[in-house]
Amino acid sequence: MKHFYQKGIAIVLSGLLIASLAACGGNTDNTEPTTPAATIDEATRPAATSTSNATEATVKKLSEADITINETIENNADSEHAILADGNTASYSNTKVVKTGDSDSGDEADFYGDNAAIFATNVATLDLSEMVVKTDGTHANAVFSYGEGTTVNISDSYIETSGNCSGGLMTTGGGTMNASNLTVTTSGNSSAAIRSDRGGGTVNVDGGSYTTSGTGSPVIYSTADITVSNAEMTSTASQGVVVEGKNSVTLNNVTLNADNNKKNSDKSSYYQAVMIYQSMSGDAAQGTSSFTMNGGTLNNQNGDIFFVNNTATDITLNNSTIVNNDTDGVFLRAAAAGWGSEGSNGGQVNLNATNQEINGDMIVDDISVLNLYLNDKSSFFGSINSSGNAGDVYVELSGDSEWILTADSYVTSLTCDASSIDLNGHKLYVNGVEYQEGTASTGSAIEFTVSSSGGHGGDTPPDGGHGSGGTPPAKPD
């Protein structure tokens with residue numbers, strides 16, 4: 001699974017195990033990242049101040065005391081469950097579930113739900129409301145949906161996990177998880193609040209509060225199709241969101257507060273709020289992933305906003321407030337790192353912005369690709385590859401969008417109207433030729449090369465990824 005010891009790519013490995021997602025392994029590299037400082041024209045760039053968002057005022061944060069408990073179910077045995085729905089339909093409400101005990105096999109816990117407090121499988125339907133779920137074991141996920149046709153519906157509940165490799169909501173093998181108005185907190189390492197692993201599935205979350213504090217514990221670790229709406233999400237040690245392989249995360253009117261300040265892998269030296277990558281562990285198919293943010297707010301405290309490595313992705317931003325409080329961080333970094341094959345493990349990015357303000361620089365290394373589309377009065381205050389020519393970059397501006405440069409920039413191809421670009425005293429080079437302000441340009445997007453096959457195994461995921469690779473063990477009886 002991916003106990004993504006999130007701090008991402010560059011994380012200050014505080015001696016935590018980065019074992020396979022399931023095994024929680026580790027590095028002990030305490031080297032601080034060497035993120036190059038961005039060159040910024042502070043007179044032109046808007047101030048990086050947080051903007052209040054309706055989500056912040058409307059999120060319902062339940063506490064344990066808010067829920068009336070009529071029954072308590074406890075289980076303290078290793079590899080067992082407190083509640084099991086196996087091929088049947090069941091419902092529970094106003095119930096407290098307490099799970100202690102560990103799993104003997106990380107893969108069985110992460111792939112198949114071994115030791116989960118609440119587990120649904122074999123096309124079961126499990127309805128949960130006004131629940132309190134607490135676990136303190138290792139590999140003790142709170143609520144787990146496994147297998148195609150299995151559905152867990154949970155609402156108005158409080159979830160807390162304290163052990164390592166113990167997610168809040170867990171979905172694998174094609175299962176479905178529907179959640180509304182939850183408060184989920186995790187404090188262990190490799191313990192994402194909203195989590196998936198091999199085989200993925202569908203996760204829909206509406207409302208509520210989701211908080212993580214462990215290393216390698218993003219709020220969302222996705223090897224599935226995950227949609228979160230009208231919620232507040234906070235990570236205090238790891239990335240806010242990680243998408244691995246051919247999978248997706250969609251945020252609708254969400255407030256995401258990310259502070260990626262620790263690392264448990266030496267495969268990269270950068271911190272970020274959103275990481276999109278392919279670990280090659282075998283847990284996520286290769287192909288084009290997606291990250292979509294409609295409205296809402298993203299507040300980043302450390303490092304970059306987006307990091308893309310060893311995969312292709314579509315990033316879509318629609319009228320969102322994105323604030324980077326780290327002046328040395330960049331808005332987007334597409335670059336090689338320690339995952340994949342050297343020389344072909346850069347990032348390939350389509351960044352589509354609609355009515356969107358982008359404030360920050362972009363770095364695309366010499367084996368990476370960026371197609372940047374600014375639509376419907378979007379604005380970009382920043383530079384692209386200010387240090388000189390590197391990866392292939394196409395920029396297209398339409399619908400009265402504008403790019404105000406904050407440093408010299410280098411792109412491969414450009415489509416714009418005569419009034420779209422404000423050089424702001426800097427120079428823009430298009431395929432090596434200096435662009436003249438006030439002229440229109442027509443160019444072509446860069447084609448991607450992406451494999452659609454599964455991962456080959458062998459590489460260890462950074463934050464929370466288990467990385468065992470190959471075929472998973474047979475499902476336990």
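Computed from a predicted model, the values in this text were never measured in an experiment.
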When you measure from the side chain of Asp392 to the backbone N and O of Ile446, does any donor-acceptor pair fall under 3.5 Å? no
With heavy-atom distances below 4.5 Å as the criterion, would you say the side chains of Tyr435 and Lys427 are in contact? no
Shortest non-hydrogen separation from Asn189 to Ser217 and the atoms involved: C-OG, 3.5 Å
Do Arg333 and Tyr270 meet the cation-pi criteria used here (NZ or CZ under 6.0 Å from the six-membered ring centre, within 45° of the axis)? yes
Is Gln356 reaching over with its side chain to a backbone N or O of Ser320, donor-acceptor style, under 3.5 angstrom? yes
Could you tell me whether the side chains of Glu244 and Tyr221 share a donor-acceptor contact shorter than 3.5 Å? yes
Does Ser196 reach the main-chain N or O of Thr223 with its side chain, forming a donor-acceptor pair under 3.5 Å? yes
Distance-minimising heavy-atom pair for Thr150 and Thr121: OG1-C, 3.5 Å
To check you understand the geometry: which heavy-atom pair defines the closest contact between Gly303 and Asn300, and what is its length? O-ND2, 3.2 Å
Taking side chain as C-beta onward, heavy atoms only, is Tyr373 less than 4.5 Å from Tyr394? yes
Counting only N and O atoms by type, is there a donor-acceptor contact under 3.5 Å from the side chain of Asp365 to the main-chain atoms of Ala336? yes
Option among Thr354, Asn318, Leu317, Val254 that satisfies the side-chain contact (heavy atoms from CB on, under 4.5 Å) test with Asn294: Asn318
Shortest non-hydrogen contact between Gly113 and Phe119, atoms and distance: CA-CE1, 3.6 Å
If we ignore hydrogens and angles and just use 3.5 Å, is the side chain of Gln278 paired with the main-chain N or O of Asn309 as donor and acceptor? no
Go through the side-chain N and O atoms of Asn115 and Ser103 and say whether any donor and acceptor fall under 3.5 Å apart. no
Using modelled atom types and a 3.5 Å cut-off, is there a donor and acceptor pairing between side-chain atoms of Asn247 and backbone atoms of Gly200? no
Indicate whether any N or O donor in one side chain lies under 3.5 Å from an N or O acceptor in the other, for Asp361 and Ser383. yes
For Val243, is there any backbone N or O sitting under 3.5 Å from a side-chain donor or acceptor partner on Ser222? no
Measuring only between side-chain heavy atoms, which start at C-beta, is Gln239 closer than 4.5 Å to Phe307? no
Mind checking whether Thr250 and Asn252 have side chains closer than 4.5 Å, heavy atoms only? yes
Asp225 and Ser248 side chains, donor-acceptor separation under 3.5 Å: yes
Are Glu402 and Leu374 packed together at the side-chain level, in the sense that at least one heavy-atom pair is separated by less than 4.5 angstrom? no
Passes side chain to side chain contact (heavy atoms under 4.5 Å, CB included), Leu370 versus Leu351? Steps please. CA-CA 7 Å; Leu370 168 64; Leu351 175 50; 4.2 Å; yes
Counting only N and O atoms by type, is there a donor-acceptor contact under 3.5 Å from the side chain of Thr415 to the main-chain atoms of Gly443? yes
Consider only side-chain N and O atoms of Thr236 and Asp259, and report whether a donor and an acceptor are under 3.5 Å apart. no
Specify whether Tyr410 and Tyr429 have parallel, tilted or perpendicular ring planes, treating 30° as the upper limit for parallel and 60° as the lower limit for perpendicular. parallel
Atom of Gly382, atom of Trp403 and distance for their closest heavy-atom approach: O-NE1, 2.8 Å
If we ignore angles and hydrogens, is there a donor and acceptor under 3.5 Å between the side chains of Thr161 and Ser191? no
For this output row, return yes or no: ring centroids of Phe291 and Phe306 closer than 6.0 angstrom. yes
Have Asn302 and Asn261 got a donor and an acceptor in their side chains that come within less than 3.5 Å? no
Write down the atom of Val205, the atom of Gly207, and the distance for their closest heavy-atom approach. CG1-O, 4.0 Å
Between the main-chain N or O of Thr176 and the side-chain N or O of Ser145, is there a donor-acceptor pair closer than 3.5 Å? yes
Checking Asp107 side chain against Phe111 main chain: does a donor-acceptor pair fall under 3.5 Å? no
